[in-house]
Amino acid sequence: MSLESVRTFLAERAPDIEILETEARTATVAEAAAAHGVEPARIAKTLSLRVGERVVLVVARGDARLDNKKAKAAFGAKPRMLDAAEVAALTGHPVGGVCPFGLAQPLPVYCDLSLQDFDEVLPAAGSINSALRIPPARLAELVAAEWVDVCQAAA
């Protein structure tokens, strides 16, 4: 279902983007990087966060870590990661396949500035063995994301 919702989203808004499905599991940054032959930083991970009473998604480079101080400044409250059941219910995607495309319900999406280090990144595509290649600016445009600085600089 989740992969199908991403397919539908892309068919309507970006039919030129191909979903890459692998036999290999790509649920973690390391697994996805190995399966697609890229460095972990190029994997665009989607974090599902509760900030006060609202839920937001933050897309960041694979090796970035959320900086609670920056996130609190940007969102007005300390963020907390959602549990797997909440993630699946709110996004329609399983943990390991969460992406900002084809969501079960509208959620605000933010892209961390760390993504701009690359000309192309690989977010998941709604399942634990799918992804797509996309320039960060186009990703943000497709999901009407706001750019924020909420991650620690990669080491």
Side-chain angles (χ1 to χ4, degrees), residues 1-10 13 19-36 38-115 117-118 121-134 136 139-140 142-155:
M1 170 63 186
S2 185
L3 177 59
E4 288 309 311
S5 70
V6 174
R7 276 199 178 103
T8 300
F9 177 93
L10 293 174
R13 293 174 181 86
I19 293 177
L20 310 169
E21 293 183 81
T22 69
E23 294 295 320
R25 184 178 143 89
T26 60
T28 68
V29 168
E31 291 170 344
H36 296 290
V38 298
E39 69 265 35
R42 282 191 184 268
I43 301 303
K45 62 184 176 185
T46 302
L47 306 173
S48 305
L49 307 171
R50 181 169 304 284
V51 182
E53 295 301 310
R54 62 191 188 119
V55 171
V56 302
L57 301 181
V58 174
V59 185
R61 61 185 275 163
D63 62 352
R65 294 183 55 114
L66 189 67
D67 182 312
N68 283 327
K69 193 175 191 179
K70 286 182 176 182
K72 184 176 181 181
F75 300 130
K78 183 178 178 182
R80 301 207 187 301
M81 298 291 281
L82 299 182
D83 66 34
E86 287 179 298
V87 170
L90 294 170
T91 68
H93 305 316
V95 170
V98 178
C99 63
F101 316 112
L103 298 170
Q105 60 183 329
L107 293 170
V109 178
Y110 296 87
C111 287
D112 186 72
L113 293 175
S114 64
L115 292 175
D117 292 343
F118 304 102
V121 294
L122 287 87
S127 72
I128 61 166
N129 66 335
S130 64
L132 54 93
R133 292 178 179 269
I134 189 169
L139 184 158
L142 282 174
V143 298
E146 182 180 325
W147 288 98
V148 292
D149 180 11
V150 295
C151 288
Q152 297 172 356

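Start at 1 with the first residue, then count along the sequence.
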Hey, does the side chain of [X] reach the backbone of [Y] with a donor-acceptor pair shorter than 3.5 angstrom?
X: T26; Y: I128; answer: yes
X: D149; Y: L113; answer: no
X: S2; Y: G92; answer: yes
X: K45; Y: A64; answer: yes
X: K78; Y: K72; answer: no
X: N129; Y: A24; answer: no

Give me the ring orientation class for F101 and F9: parallel if the planes are under 30° apart, tilted from 30 to 60°, perpendicular past 60°.
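F101 vs F9 ring planes: tilted.
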Would you say the side chain of [Y] lies within less than 4.5 Å of the side chain of [X], judging by non-hydrogen atoms?
X: E86; Y: R50; result: yes
X: L122; Y: L132; result: no
X: Q105; Y: V55; result: no

Minimum-distance pair of heavy atoms, taken over all atoms of [X] and [Y]:
X: I43; Y: V29; result: CG1-O, 3.9 Å
X: L107; Y: L90; result: CD1-O, 3.9 Å
X: H93; Y: S5; result: CE1-OG, 3.6 Å
X: C111; Y: A145; result: SG-CB, 3.7 Å
X: A125; Y: I19; result: CB-CG2, 4.0 Å
X: A60; Y: L115; result: C-CD2, 3.5 Å

Is the shortest distance from a Lys or Arg side-chain nitrogen in R61 or D63 to a carboxylate oxygen in the other one below 4.0 Å?
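Yes, R61 and D63 are salt-bridged.
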[atom1]-[atom2] distance between [X] and [Y], expressed to the nearest 0.5 angstrom:
X: L47; Y: C151; atom1: CG; atom2: SG; value: 6.5 Å
X: L66; Y: R80; atom1: CG; atom2: CZ; value: 12.0 Å
X: E31; Y: R25; atom1: CD; atom2: CZ; value: 4.5 Å
X: L57; Y: L103; atom1: CG; atom2: CG; value: 6.0 Å

Using the rule given for side chain to side chain contact (heavy atoms under 4.5 Å, CB included), can you reason through K70 versus D112, listing the C-alpha separation, both sets of side-chain angles and the distance that settles it, and then say yes or no?
CA-CA 11 Å; K70 286 182 176 182; D112 186 72; over 6 Å; no
Flag if over 12 foreign heavy atoms under 6.0 Å of CZ, R54:
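Count over threshold, so yes.
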Name of the residue among V6, T46, V58, L142 meeting side-chain contact (heavy atoms from CB on, under 4.5 Å) with P100
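Between P100 and the candidates, side-chain contact (heavy atoms from CB on, under 4.5 Å) is satisfied uniquely by T46.
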